[in-house]
Amino acid sequence: MATKNVKDDTSSASSSSKLFTRAEVAKHNDHKDTWIIIHNNVYNVTSFLNEHPGGEEVLLEQGGNDATEPFEDIGHSTDARQMMESYKIGELIEEERKQDNGKKDRDWSANGEDNSSSWRSWLIPIVLGVFATLVYRYFVSTH
Ligand code: HEM
């Protein structure tokens with residue numbers, strides 16, 4: 001009876017995502033109802049206010065706002081990033097997302113010019129290796 005129910009779980013990002021506008025989020029900005037935007041996701045942190053290790057003031061200050069920058073400036077741990085998943089209530093509508101906010105991963109690879117330095121990273125060890133071999137052979141042949 002292996003009729004597996006193949007749901008369309010093609011992407012984890014699309015699961016249970018309600019869409020909000022920045023204006024909608026902005027309405028939730030007091031200690032009874034605090035929403036914040038981080039990396040284009042919307043979080044309801046009301047129940048987290050007095051549990052936040054960084055204090056409730058900082059969250060209240062950001063209530064209704066996009067807190068991506070202050071959040072990243074603090075350099076939150078992986079634990080914190082996992083924790084925030086449980087407060088996620090949705091995402092911003094497509095039109096209001098910020099481009100350069102693309103999730104946690106920095107765009108290491110997106111920068112095409114950076115790739116030009118990758119050949120240097122293996123060329124240097126090879127040159128050093130060849131040089132060391134030549135020096136070694138020189139000593140072996142002269143002694
Ligand atoms: C849902 C969102 C958030 C979660 C789950 C969260 C969670 C945490 C956690 C677990 C810590 C302890 C340190 C660590 O593990 O990194 C922390 C510290 C802190 N957080 Fe957050 N945070 C959130 C949002 C924010 C925002 C929006 C701000 C700033 C506006 C902020 C400011 C701080 C500060 C100042 C500290 C203290 C850092 C320190 O003492 O070195 N957090 N947060």
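Atoms within a ligand are numbered from 1 in the order they appear, just like the ligands themselves. Predicted model only: the values in this text are computed from it and were never measured.
Close approach to Pro70 involves these atoms of ligand 1, each under 4.0 Å from a residue heavy atom: 29 (C), 30 (C). Ligand 1 places these atoms under 4.0 Å from at least one heavy atom of Val45: 1 (C). For ligand 1 and Ala67, the ligand atoms under 4.0 Å from any heavy atom of the residue are 27 (C). Less than 4.0 angstrom separates some heavy atom of Gln62 from each of these atoms of ligand 1: 30 (C).
Distances shorter than 2.8 Å separate atom 21 (Fe) of ligand 1 from the protein N/O/S atoms His52 NE2, His76 NE2.
A perpendicular orientation is assigned to the rings of His39 and Phe71, their planes being inclined by more than 60° (bins at 30° and 60°).
For atom 40 (O) of ligand 1, the nearest protein heavy atom lies 4.0 Å away or farther. Remark: atom 17 (C) of ligand 1 lies closer than 4.0 Å to at least one protein heavy atom. For atom 24 (C) of ligand 1, a protein non-hydrogen atom is found at a distance below 4.0 Å.
Under the 4.5 angstrom side-chain criterion for Ile, Leu, Val, Met, Phe, Trp and Tyr, Ile74 has no cluster partners at all.
Contact of the Tyr43 side chain with the Glu85 side chain is registered, since non-hydrogen atoms from C-beta on lie closer than 4.5 Å.
Formation of a donor-acceptor pair under 3.5 Å by the Arg97 side chain with backbone atoms of Leu92 is found in this model.
Here the OG1-CG distance, from Thr68 to Asp73, works out to 10.5 Å after rounding to the nearest 0.5 Å. In this structure, CZ in Phe20 is found 11.0 Å from NZ in Lys27, a value given to the nearest 0.5 Å.
For ligand 1, the polar-atom distance check finds an N/O of Ser77 within less than 3.5 Å of one of the ligand's N/O atoms.
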Donor-acceptor contacts under 3.5 Å from residues 46-60 side chains, at least two apart:
from: Thr46; atom 1: OG1; to: Thr34; atom 2: N; distance (Å): 3.0
from: Thr46; atom 1: OG1; to: Asn44; atom 2: OD1; distance (Å): 2.5
from: His52; atom 1: ND1; to: Gly55; atom 2: O; distance (Å): 2.8

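In this structure, Glu96 has no side chain to side chain donor-acceptor pair (under 3.5 Å) partners at least two apart in sequence or on a different chain.
In this model, no donor atom of one side chain and acceptor atom of the other lie less than 3.5 Å apart for Ser77 and Asp79.
Of all protein heavy atoms, the one closest to atom 4 (C) of ligand 1 is Phe48 CE2, 3.4 Å.
By the rule that hydrophobic residues join a cluster once side-chain heavy atoms approach within less than 4.5 Å of another member, Tyr87 and Ile89 end up as members of separate clusters.
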